[in-house]
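Keep in mind that the numbers below use all heavy atoms, side chains included, and drop hydrogens, waters and symmetry copies.
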Amino acid sequence: MAENPYQSPSTEDQSAHSPSLPRGVSRRSVFWLLAIGVIAGVAIGAATNAVNGLVCPQYFSIVMGWKLPGWRRIVEQGIIEGAATGLIFAIVLLAVVGLRTGGRARLTDALPYFWATCSAVLALWALGGMMGCGWATLDGASYRAAFPIAPAAGTPAFGWVGGSIWGAQLGGAAATVVVSTVFWLRWRAHAS
């Protein structure tokens with residue numbers, strides 16, 4: 001094929017010839033990120049509910065409507081909710097990574113951001129628990145007014161569990177947005 005003398009070298013598609021661009025995300029990489037999301041969610045859900053079940057098992061009786069739940073049932077609930085939440089967070093991060101990089105990122109490009117989200121979920125779980133416990137300890141009357149289902153006895157423990165769950169779920173959603181945004185902005189700098 002004859003060369004076009006009017007075509008600028010800068011208008012050629014360089015991506016097909018450039019060895020410096022990362023290889024595309026394979027289906028296996030997508031599977032692994034989703035699997036890691038579920039596994040991490042299971043681990044976090046089991047661990048946090050194991051602690052919460054020790055702190056205040058009555059929380060689960062009251063909120064879930066269970067009659068005297070055993071610690072195992074509380075942990076199993078954490079596993080179920082953690083798996084679903086981990087999968088959702090992994091899908092969001094995977095979508096951001098895929099869209100931002102045009103499918104050129106490797107699994108290793110996304111994993112540090114995924115682990116940052118997991119770390120944030122654990123930190124926000126603890127922070128939410130401390131805030132709930134602190135509120136219930138310092139002003140139990142206003143806590144029970146805001147959450148009428150809270151028992152009169154054991155309100156700080158109830159506050160820990162409720163606050164920690166809110167911290168993990170709402171904080172985890174916020175952390176996913178923040179971490180995804182950081183990836184988006186950093187990839188721009190990486191790609192330039």
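Listed by first and then second residue, the side-chain hydrogen bond (donor to acceptor under 3.5 Å, both in side chains) pairs that reach into residues 147-163 are Asn52-Trp160, Arg144-Thr155, sequence neighbours excluded.
Heavy atoms only, all atoms of each residue included: Ala157 and Cys56 are closest at O-CB, 3.7 Å. In terms of heavy-atom proximity, Val75 sits nearest to Asn49 at CA-CB, 4.3 Å. Contact detail for Ile62 and Pro151: the closest heavy-atom pair is CD1-CD, 4.0 Å. The two atoms that bring Ala110 and Val97 nearest to each other are CB-CG2, 3.9 Å, heavy atoms only. Nearest approach of Tyr143 to Gly159, heavy atoms of both residues: OH-CA, 3.2 Å. When all heavy atoms of Thr108 and Pro112 are compared, the closest pair comes out as O-CD, 3.1 Å.
No side-chain heavy atom of Ile74 sits less than 4.5 Å from a side-chain heavy atom of Leu54. Side chains of Phe147 and Trp135 form a contact here, defined as non-hydrogen atoms less than 4.5 Å apart. Contact of the Thr101 side chain with the Phe183 side chain is registered, since non-hydrogen atoms from C-beta on lie closer than 4.5 Å.
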Q: Tell me, with the steps shown, if Leu33 and Leu107 meet side chain to side chain contact (heavy atoms under 4.5 Å, CB included).
A: CA-CA 7 Å; Leu33 186 61; Leu107 178 63; 3.8 Å; yes

Q.
Assess the residue pair Val179 and Phe114 against the criterion (side chain to side chain contact (heavy atoms under 4.5 Å, CB included)); give the C-alpha distance rounded to whole Å, side-chain angles, the decisive distance to 0.1 Å, and a yes or no.
A. CA-CA 8 Å; Val179 169; Phe114 181 77; over 6 Å; no

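Applying the side chain to side chain contact (heavy atoms under 4.5 Å, CB included) rule to Val177 yields the partners Thr181; only residues at least two apart in sequence or on another chain are considered. The ring-ring contact (aromatic ring centres under 6.0 Å, His included) search around Tyr59 returns Phe158, not counting sequence neighbours. In this structure Val42 satisfies the side chain to side chain contact (heavy atoms under 4.5 Å, CB included) test together with Val38, Ile79, Ala83, sequence neighbours excluded.
Atom CH2 of Trp66 sits in a crowded spot, with more than 12 heavy atoms from other residues, nucleotides or ligands closer than 6.0 Å.
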N/O donor-acceptor pairs under 3.5 Å from side chains in residues 119-130, not counting sequence neighbours:
| residue | atom | partner | partner atom | Å |
| --- | --- | --- | --- | --- |
| Ser119 | OG | Trp115 | O | 3.0 |
| Trp125 | NE1 | Ser164 | OG | 3.3 |

Pair up each side-chain donor or acceptor in residues 84-95 with any protein partner under 3.5 Å, not counting sequence neighbours, and list the distances.
| residue | atom | partner | partner atom | Å |
| --- | --- | --- | --- | --- |
| Thr85 | OG1 | Glu81 | O | 2.8 |

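Here Trp187 contributes atom CH2 and Arg100 contributes atom CZ; the two are 9.0 Å apart, rounded to the nearest 0.5 Å.
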